[in-house]
Amino acid sequence: MDEKFLKPYDPEGTEGRIYAEWEKSGLFNPDNLPDSTKRKPFVIMMPPPNATGILHMGHALGLTIQDILIRYKRMQGFAALWLPGTDHAAIATQSKVEKQIKKDEGLSRHDLGREELLKRIDAFVAESRQTIQKQTRILGASCDWSREAFTFDEKRNKAVNTLFKKMYDAGLIYRGHRIVNWDPKGQTTISDDEIVYEERAAKLYTFRYSKNFPISIATTRPETKVGDVAVAVHPDDARYKEFVGKEYDTVFCDVPLHIKIVADKEVDPAFGTGAVGLTPAHSQIDWEIADRHLLSNKNTVINEYAKMTVAGRLADMKTTEARDIVVAWLKDEELLEKEEDTTQNIATAERTGGIIEPLPKLQWWIEVNKEIPGRGKTLKELMLEPVRSGQIKIIPEHFEKTYFNWIENLRDWCISRQIWYGHRIPVWYRGEEVVVGEAPKEEGWVQDEDSLDTWFSSGLWTFSTLGWPDATDDLARFHPTDVMIHAYEILFFWTARMILMTEFALNTVPFHTVYLTGIIRDEKGRKLSKSLGNGIDPIDIAKKFGTDAGRMALIIGNTPGTDMRMSEEKIKGYKHFANKLWNIARFVLTNAVADASVLKNGNKTWASAPERAHFSAHEHELLAELDTITSDVTKDIEEFRVYMAAEKIYHYAWHELADKIIEESKPILAGTDVSARASRAWLLLILLDRVLRLLHPFMPFITEEIYQSLPTKDAEFLMVAKWPV
RNA sequence: GCGCGGUUAGCUCAGUUGGUAGAGCGCGUCAUUGACGUUGACGAUGUCGGGGGUUCAAAUCCCUCACCGCGCACCA
């Protein structure tokens, strides 16, 4: 017996060594697997973690499920490719580095300049990527590092520029002057999906523009009323019918206004006074209504810094200050009729927390409702169809409805950002001339200043990683991929965009199954966060309890799409299980191997399966029982019930193999019947060998470590040993 | 407003096509120095959120109500 079994299992001393051996073997790369070309591919693209810091429990969960599927398929004889990478996460990364520089040096990005800031970000990202790679290894991920990718490296930039041009040429990307979500804090536009709504108390003011104005209006933002150009009422509203079409000149808080009364069915006659003051420059809906009524005046009264741009008493004030001034003015002029408490959903920017200010701006957009030339479908339809038809299956299934619901509400996607870090818009201008795709060689061309929404490049992930737009062997062999595994939080951000981009670029799906994970919460059900101080660092867990224990704790009881509570207590329980497994191995290898060797004579070796005929009827039953477990576990993994598969093997190993079979074996092994002893010894070895194989995808390290000492070892690593049938 | 999910043991949660309610932790009793620092055996606790329906049979399917959570939209 191996000396190592004399001591308790030491995950910290084992896991790093084993990972290094696996990596050195090259077997994470499917090209190096035996008979690689004859194997059917099985492919998972790792959702690239943001290069903003370190991995958290959510990453650990995702990586574990992916690794389970990859290891399982690899053992089953597939050319298992798991391609790792990181995401440059444009806004998130830039704002993080900017914040750090502001804190350390008191400098803004404008103090540093574009070039210097980008240099700083590159350095930060390089370090961050290294940290993430190291952590991914600690978590046991058997991914192919030789194919590692980054959403902002040269190859991915080529893919981004190529696709941008393709979409531009198809008329799906356009530059348009429209209301955008402007983040005054981050000084950039953001997409509708990057908005987080926060409920806050607010006041609803009801008033008239002036004494002789015939209609009262209600608003929570009186300061914007200096930008009003019209009052809209419902066409059927008897109260206001006589005013429709009339125009009025008035002065509101020192600002002259020209107001037209229009009738629009969008107006809810039951809300407020049933009349809306239209501020086209600072409200999406008002802009649309103004368009319908051919109101050309869309002057802005608020700038990018959320300050007033009008003359008079509001000049240069912050919007919040201006609001108080306007309310005071309304009171002085006796125009205020009502002041009510209300709650309101404030739009804030996901990354910076800045309060969104709708502003009209010239930006780049992807049009989702336009028919694609030659395809006869819109991008929206391209996103819907594969999920509707079942070509792409979402697990759990009920998220398909959420997905449809989101797409049906989808509007054009604003893809340009006023930040410096990220793929720069591949468009060049010279006077009135425009070139898209590649930089023109001649002098005098200036590239668009803006960069692309980070999700534009993420959307290409399943194929940009395989070499697209070049016609590579990898692309031909490994795409479409099989499964995509990520948290339900980014279903819209990412899954939908991947389907959109892949359908458009390759006319196929990016993957066949989407497995959504829930969120990992603390023992009280709160989200894990730095500010709450309730974070559980997966790397600390690996050190304290072992990666294997951490993986089991993440998997067992964790159903797809459902949040799960995590505690150190739970992880400790699976450390106990690792110890149990270790002791099972110790028992079998100490007490059984010597006896089993009785059967080893002549040329018969450990590697050749023993004759089952030696076993007693009861022992045949025990083998059959494990056959059942084997096929159940296999079916569970096939059908993505990894939580159930893990629990079944756990239960079998502890409460069948250890508690019952080993217990009943003790007297047999201590007895005098040599042949009974030998067959029982063989039985135990076979059961242990089988349990290790079944458990390997879940607890890769300890199973590999024990396997290396098994006389039944038939492959260089358990990682590439055969999955039992 | 539209949509989705949840409600099962003290706690955290499973329960795949309808077929006598499960696990882990915790709790109680007993055993155990051992393959096991981290053990075993046995045990108690459930009107499966309320009500109605379909069925020979419902935690599971249908309707309805309540509460909790989430997404989207509105937010003048």
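Quick caveat, the model's predicted, so the values are computed rather than measured. The chains referred to below are lettered A, B, ... by the order of the sequence lines, with proteins before strands, and numbering in each begins at 1.
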Which protein N or O atoms sit under 3.5 Å from an N or O of nucleotides 71-73 of chain B?
residue, atom, partner, partner atom, Å
C72(B), O2', N409(A), ND2, 2.9

Salt bridge check: are R178(A) and D412(A) linked by an N-O gap of less than 4.0 Å?
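Counted as a salt bridge, because a side-chain N and a carboxylate O are separated by less than 4.0 Å.
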
Taking NZ, NE, NH1 and NH2 as the nitrogens, is one of them in E408(A) or R388(A) under 4.0 Å from a carboxylate oxygen of the other?
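Counted as a salt bridge, because a side-chain N and a carboxylate O are separated by less than 4.0 Å.
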
Distance-only criterion, 3.5 Å: show the donor-acceptor pairs between side-chain atoms of residues 655-665 of chain A and protein atoms not counting sequence neighbours.
residue, atom, partner, partner atom, Å
H655(A), ND1, D659(A), OD2, 2.9
E656(A), OE2, K660(A), NZ, 3.3
E663(A), OE1, K666(A), NZ, 3.4
E663(A), OE2, K666(A), NZ, 3.1
E664(A), OE1, H618(A), NE2, 3.2
E664(A), OE2, H618(A), NE2, 2.8
E664(A), OE2, R680(A), NH1, 2.9
E664(A), OE2, R680(A), NH2, 3.0
S665(A), OG, I661(A), O, 2.6
S665(A), OG, R680(A), NH1, 2.8

Main-chain N/O of S216(A) paired to T273(A) side chain as donor or acceptor, under 3.5 Å
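Pair found, side chain donor or acceptor close to backbone of S216(A).
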
Expected output: side-chain D689(A) to main-chain L710(A) donor-acceptor under 3.5 Å:
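No; judged by distance alone, with no hydrogens or angles, the pair does not exist.
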
Rounded to the nearest angstrom, tell me the gap between atom [atom1] in [X] and atom [atom2] in [N].
X: Y9(A); N: A35(B); atom1: OH; atom2: C1'; result: 18 Å
X: I702(A); N: U38(B); atom1: CD1; atom2: P; result: 17 Å
X: I519(A); N: C4(B); atom1: CD1; atom2: P; result: 20 Å
X: L491(A); N: G5(B); atom1: CG; atom2: P; result: 14 Å
X: F577(A); N: G37(B); atom1: CZ; atom2: C1'; result: 18 Å
X: K575(A); N: G37(B); atom1: NZ; atom2: P; result: 11 Å
X: I584(A); N: G40(B); atom1: CD1; atom2: P; result: 10 Å
X: E569(A); N: U38(B); atom1: CD; atom2: C1'; result: 12 Å

Nucleotide by nucleotide, nucleotides 9-19 of chain B touches protein heavy atoms under 4.0 Å in the pattern (B base, S sugar-phosphate only, - none) ---SSSSB---

Pick the [atom1] atom in [N] and in [M], then give their distance to the nearest Å.
N: G6(B); M: G49(B); atom1: C1'; result: 11 Å
N: C65(B); M: A21(B); atom1: P; result: 29 Å
N: G46(B); M: G3(B); atom1: P; result: 38 Å
N: G28(B); M: A9(B); atom1: C1'; result: 15 Å
N: A14(B); M: U60(B); atom1: C1'; result: 14 Å
N: C42(B); M: G10(B); atom1: P; result: 22 Å
N: A66(B); M: U54(B); atom1: C1'; result: 23 Å
N: G50(B); M: U33(B); atom1: P; result: 48 Å

Mind checking [X] for me? I need base, sugar-phosphate or nothing, with any heavy atom below 4.0 Å counting as a touch.
X: I217(A); value: nothing
X: K580(A); value: base
X: A202(A); value: nothing
X: T220(A); value: sugar-phosphate
X: I285(A); value: sugar-phosphate
X: K666(A); value: base
X: H655(A); value: sugar-phosphate
X: D286(A); value: nothing
X: D659(A); value: sugar-phosphate

Is it possible for you to check whether R411(A) lies under 6.0 Å from the centre of the six-membered ring of W365(A), through NZ or CZ, and within 45° of that ring's axis?
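No, R411(A) and W365(A) do not form such a contact.
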
Please tabulate, for the side chains in residues 393-407 of chain A, all donor-acceptor contacts under 3.5 angstrom to protein atoms that are two or more places apart in sequence or on a different chain.
residue, atom, partner, partner atom, Å
E400(A), OE2, I394(A), N, 3.1
Y403(A), OH, M383(A), O, 2.9
W406(A), NE1, D193(A), OD1, 3.1

How do L204(A) and H576(A) order along RNA chain B: which one's closest nucleotide is nearer the 5' end?
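Result of the comparison: H576(A).
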
With nearest nucleotide decided by heavy atoms, which residue, P8(A) or H398(A), maps closer to the 5′ end of RNA chain B?
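Looking at the nearest nucleotide for each, H398(A) comes out on the 5' side.
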
Under the ring-ring contact (aromatic ring centres under 6.0 Å, His included) test, which residues partner Y9(A), sequence neighbours left out?
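Checked Y9(A) against ring-ring contact (aromatic ring centres under 6.0 Å, His included); matches are W582(A).
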
Results of ring-ring contact (aromatic ring centres under 6.0 Å, His included) for Y209(A) - residues two or more places apart only:
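In terms of ring-ring contact (aromatic ring centres under 6.0 Å, His included), with neighbours along the sequence ignored, Y209(A) is linked to F213(A), F252(A).
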
Non-neighbouring partners of [X] that pass side chain to side chain donor-acceptor pair (under 3.5 Å), sequence neighbours left out:
X: N409(A); value: none
X: R292(A); value: D264(A)
X: E15(A); value: T547(A)

Short side-chain N/O contact to C4(B) OP1/OP2 from K401(A), under 4.0 Å
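For C4(B), OP1 or OP2 has a side-chain N or O of K401(A) closer than 4.0 Å.
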
So, is W654(A) near the phosphate of G24(B), with a side-chain N or O under 4.0 Å from OP1 or OP2?
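For W654(A), the contact criterion (side-chain N or O under 4.0 Å from OP1 or OP2 of G24(B)) is not met.
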
As a check on the pairing definition, encode RNA chain B in dot-bracket form, counting Watson-Crick and G-U wobble pairs whose two distances are under 3.5 Å, and using | for partners outside this strand.
(((((((..((((.....[..)))).(((((.......))))).....(((((..]....))))))))))))....

For K635(A), give me all partners under salt bridge (charged side-chain N to carboxylate O under 4.0 Å, His left out), at least two apart in sequence or on another chain.
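Salt bridge (charged side-chain N to carboxylate O under 4.0 Å, His left out) list for K635(A), sorted by chain: empty.
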
Not counting sequence neighbours, list each pair that qualifies as a side-chain hydrogen bond (donor to acceptor under 3.5 Å, both in side chains) and has a residue in residues 198-207 of chain A.
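Checked against side-chain hydrogen bond (donor to acceptor under 3.5 Å, both in side chains) - neighbours excluded - the pairs reaching residues 198-207 of chain A are E198(A)-R200(A), K203(A)-D341(A).
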
